Amino acid sequence: MRRVILSLTTIVMLLLLIFGISSLSAVDFTDQKSLAQAFTQLTGFLSLGMMAIAIVLALRLRWLEPVFGGLDKIYRLHKWLAIGALPMLLAHWLVKTGEGHHPEATVDAAGNTVAAVHSFDPVQLATQTLFPSLYGPARGIAQPILFLLFALLALALIKRIPYRIFRKVHFVMGIAFVIFAYHSVILMRPEYWSTPFGWSTVALSVIGSLASIYLVVIHFKGFPSSRAVVASTHYFPELKVLEIDLDMQEAWRGHKPGQFVFVETDRKEGPHPFTLSTHWSPESGRIGIIAKELGDYTAKIRERFAPGTPVKINGPYGRFNFECKKQRQVWIGAGIGITPFVAKMRDLAGTPSDKVVDLFHTTREVSEEGLARMQADADAAGVNLHIIISERDGRLNVAKLIAMVPDWKDASFWFCGPSQFAEQLRKGLVAEGLSASNFHQELFEMR
């Protein structure tokens, strides 16, 4: 999360800097109208910039993963940029609407007041744009688009809404952004066009609109993917977990343990993310995933992944790759968050490492078969496995970790599981002296 917060702060500060360089010297801080106009421009620019960058981040550009720390961090940043844009949109609309309640008096040559002109009279304000003939339509769409974006974001944030509807909401958001970008460019005041503010407004509008159009195409066509077929499955009823083996039907670029892919079994439903549970072997041509019956899609996971079912796979993504200079590592997999560690253990069984690793698996449900398989993988990989069953052992906490791993200060920690649990452990360990940079977390919540 540190990198997400830093990235979000950097983006907002950069947008503020661009606006400040271009506008603040021209603002009369003693004049209410001048301040209102500056605030209107600022909030509109911030909302445009944050939305444009959020849309670009949704393109799943692999070359951005090293910059932000993986696609999971990119999606989290995408979410917070979208959330941050909406208050700016609301402030922009409120201030702009409020201007209409303060008529401006016009004065004749002798200095006498002759009329009161509405401050956003279309006839008057059309002269304040390079595109006077387009002023009316650009202004008229502002309020409907604002209300639409608020409604769409509210729907996107409700996790109970099925994923297929969530995808459609984002599809409409892309179209709404193109309209908002049109509004921003057409209504930009002429004096701004030759400034960094003007250049940035045009650039963000164009880049964001192109990204939106691409995502609209992707909505119907899908991201570039590889075809595969479900080879076999194994169900663990106590855990409500299905282990799935997939035979790749096309060339696969390979992957590292800890990465994830998007798997599509139904075009209408769209692709869903799953962490890979196996290392890659070109000789076998097979990859594996592990899915738990949790939401509306995975509730029917055994039907959706019946042997012989054709699927599409897009990926791999993620930077949860266990790569660091520390010779000592502590892994923590909570519930289905054990999956990346299973993949890494299976990888280590073929290529032993000199790192000393302790794996803590915390769980409420117990499958003796599943635990036996995990122990076998740990033995083959040379990993020290600790099973923490909450009803029997209580919850894992910092005190237990420190007691069970005496040299914990020399280790790097790798966590996959519920974000609230991760935050508790991270804060506790940092308070005890662990460097925050040594706590690595997979932010696998895509919504």
Side-chain angles (χ1 to χ4, degrees), residues 1-27 29 34-93 95-96 145-146 149 153 170 173-174 176-178 180-215 319 436-437 443:
M1 281 298 295
R2 289 190 312 119
R3 190 173 296 194
V4 174
I5 294 171
L6 177 61
S7 300
L8 179 61
T9 303
T10 301
I11 290 170
V12 173
M13 294 302 295
L14 181 60
L15 293 173
L16 287 171
L17 178 62
I18 292 172
F19 177 80
I21 292 172
S22 307
S23 304
L24 291 187
S25 61
V27 177
F29 290 93
S34 178
L35 286 172
Q37 288 178 341
F39 188 73
T40 301
Q41 295 286 342
L42 172 61
T43 51
F45 181 60
L46 286 173
S47 56
L48 175 76
M50 287 191 282
M51 284 193 291
I53 296 171
I55 292 170
V56 171
L57 294 179
L59 298 179
R60 299 183 193 169
L61 301 173
R62 286 192 178 92
W63 57 270
L64 285 178
E65 288 202 80
V67 177
F68 295 102
L71 187 61
D72 57 321
K73 313 300 188 299
I74 289 175
Y75 272 4
R76 187 62 60 91
L77 178 59
H78 160 89
K79 173 183 176 179
W80 284 107
L81 282 170
I83 292 174
L86 284 177
M88 296 299 101
L89 276 174
L90 179 60
H92 177 81
W93 174 70
V95 174
K96 193 65 180 175
I145 285 297
L146 173 68
L149 286 170
L153 180 65
H170 277 66
M173 274 188 177
F177 174 83
V178 175
F180 177 66
Y182 164 79
H183 164 86
S184 301
V185 172
I186 297 301
L187 296 190
M188 185 163 57
R189 298 171 68 90
E191 60 265 27
Y192 285 117
W193 279 87
S194 59
T195 68
F197 174 86
W199 309 332
S200 300
T201 296
V202 174
L204 289 167
S205 297
V206 171
I207 293 171
S209 295
L210 290 176
S212 295
I213 293 170
Y214 178 72
L215 287 174
R319 303 276 295 176
S437 62
L443 300 175

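These figures come from a predicted structure and were not determined experimentally.
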Atom pair [atom1]/[atom2] of [X] and [Y] - distance to nearest 0.5 Å:
| X | Y | atom1 | atom2 | result |
| --- | --- | --- | --- | --- |
| Leu16 | Ile21 | CG | CD1 | 11.0 Å |
| Tyr192 | Gln41 | OH | CD | 4.5 Å |
| Leu6 | Thr10 | CG | OG1 | 4.0 Å |
| Ile11 | Leu57 | CD1 | CG | 6.5 Å |
| Arg76 | Leu71 | CZ | CG | 12.0 Å |
| Arg319 | Arg3 | CZ | CZ | 8.0 Å |

- Apply side-chain contact (heavy atoms from CB on, under 4.5 Å) to the pair Leu90 and Thr43, showing each step before the final yes or no. CA-CA 9 Å; Leu90 179 60; Thr43 51; over 6 Å; no
- Determine, stepwise, if the pair Leu15 / Met50 fulfils side-chain contact (heavy atoms from CB on, under 4.5 Å). CA-CA 9 Å; Leu15 293 173; Met50 287 191 282; 4.3 Å; yes
- Task: Examine distances only and state if a side-chain atom of Ser47 and a backbone atom of Gly44 form a donor-acceptor pair shorter than 3.5 Å.
- Result: yes
- Test side-chain contact (heavy atoms from CB on, under 4.5 Å) applied to Ser7 and Leu77, Ile53, Ile74, the passing residue: Leu77
- Message: Evaluate Phe177 against Leu48 for side-chain contact (heavy atoms from CB on, under 4.5 Å), listing each step before the verdict.
- Response: CA-CA 8 Å; Phe177 174 83; Leu48 175 76; 3.9 Å; yes
- Plane angle bin for Phe197 and Phe19 - parallel if under 30°, tilted between 30 and 60°, otherwise perpendicular: perpendicular
- Item | Parallel, tilted or perpendicular: ring planes of Tyr75 versus His78, cut at 30 and 60 degrees | tilted
